[in-house]
Amino acid sequence: MSPDTDPAPAVKPATAGNPRLALFIATAGGLGYLKPAPGTWGSIGGIALTLAFFAPFYDPLATILTPVWRRFPFIIPRDFGVVFSLEILTLLMISLAGVWAADHSAKHLNKSDPQQVVIDEVSGMMITLAVGLGAHLDMVRGVKGTDFVGFGWLFSEKLLNWKYLLAGFILFRVFDIWKPFPARHAEGLPGGWGIMADDWIAAIYAAMGLWIARAFGL
């Protein structure tokens, strides 16, 4: 048979293989396989990641990294603490990695939004706490870093109590399931963006709910 008539080589389908790294990230280390309600487990994972930045290694970590951190004032404002900056970078990395991982996992599982993909809930829950428990930087200038720590616009450690954490969790889950405008429309975005973006929007709604709760002193 001449080369001109040879059949085209078989093309490996996009869903072939086992993208282990993508699945590991997309399922938040396996939380997406837990039953019932994998999204709930993913949201709990988001809370756990937020609280991890308040572990006992906070002080020595800040002491070690602060001299290095101050060498890059054009990237990291001096008013931002080391741990705060690490949290923001972590959230950005999780969100961007989630887009990639969700896209590859959805193709592998041949579903537009697989139930076991929960990195979107992890990211959304972290955004809820970051924005919902935030205090604008201008409100805390001059306050010692040990008094104001953590995620978002330097929110006070005292806001990390079980009431606000529970309220943020419930609000995020409600808006994530309800998907108010434009969250449901965001699902139509291509690939992993559609999987992640609706949870980001739900997180903003949930954060607004936390702001209202704080305004009324709840």
Side-chain angles (χ1 to χ4, degrees), residues 22-29 31-51 87-136 151-153 155 159-160 163-216 218:
L23 285 171
F24 179 82
I25 295 173
T27 62
L31 288 178
Y33 297 115
L34 298 179
K35 303 291 183 181
T40 297
W41 290 104
S43 300
I44 294 173
I47 295 176
L49 276 176
T50 300
L51 294 178
E87 287 169 331
I88 293 299
L89 291 175
T90 299
L91 176 53
L92 289 174
M93 288 190 294
I94 287 175
S95 298
L96 292 176
V99 172
W100 170 81
D103 181 56
H104 282 261
S105 298
K107 290 177 180 177
H108 172 69
L109 298 171
N110 198 27
K111 294 181 180 179
S112 60
D113 191 357
Q115 189 180 36
Q116 54 265 56
V117 172
V118 296
I119 190 63
D120 48 339
E121 277 85 8
V122 173
S123 174
M125 190 68 246
M126 294 178 74
I127 292 172
T128 296
L129 298 179
V131 179
L133 300 183
H136 193 277
F151 216 112
W153 289 277
F155 69 66
L159 294 180
L160 280 178
K163 292 181 180 179
Y164 283 130
L165 292 176
L166 179 60
F169 171 77
I170 294 174
L171 286 168
F172 174 66
R173 292 302 295 148
V174 167
F175 286 115
D176 187 26
I177 295 170
W178 178 18
K179 299 189 185 304
F181 178 84
R184 194 166 298 279
H185 293 74
E187 289 184 306
L189 293 173
W193 292 104
I195 295 175
M196 299 291 293
D198 66 305
D199 289 77
W200 295 338
I201 295 171
I204 297 301
Y205 275 104
M208 291 170 61
L210 279 179
W211 272 101
I212 293 172
R214 290 173 55 190
F216 284 94
L218 302 178

Going by heavy atoms in the side chains, are [X] and [Y] under 4.5 Å from each other?
X	Y	answer
L31	P38	no
D199	S123	no
T128	F169	no
E121	S43	yes
I119	V99	no

Check the pair T90, L49 against side-chain contact (heavy atoms from CB on, under 4.5 Å), reporting the backbone distance first and the verdict last.
-> CA-CA 10 Å; T90 299; L49 276 176; 5.9 Å; no
Would you give the length of the straight line joining atom [atom1] of [X] to atom [atom2] of [Y], rounded to the nearest 0.5 angstrom?
X	Y	atom1	atom2	answer
D120	S95	CG	OG	10.5 Å
L171	D176	CG	CG	12.0 Å
H185	D198	NE2	CG	12.5 Å
L210	L165	CG	CG	9.0 Å
L91	L129	CG	CG	10.5 Å
M126	T50	CE	OG1	4.5 Å

Taking the side chain from W200 and the backbone from A183, do they hold a donor-acceptor pair closer than 3.5 Å?
-> no
Can any side-chain N or O of Y205 pair as donor or acceptor with the backbone N or O of K179 at less than 3.5 Å?
-> no
Specify the closest pair of heavy atoms between [X] and [Y], including all atoms of both residues, with the distance to one decimal.
X	Y	answer
A102	V117	CB-CG1, 4.0 Å
I177	R184	O-NH2, 4.0 Å
V131	W211	O-NE1, 2.8 Å
H104	A22	CB-CB, 3.8 Å
A97	I25	O-CG2, 4.2 Å
V122	A28	CG2-CB, 3.8 Å

Would the number of heavy atoms belonging to other residues, nucleotides or ligands and lying under 6.0 Å from CH2 of W193 be above 12?
-> no
Would you call the rings of F175 and W178 parallel, tilted or perpendicular, where under 30° means parallel and over 60° means perpendicular?
-> parallel
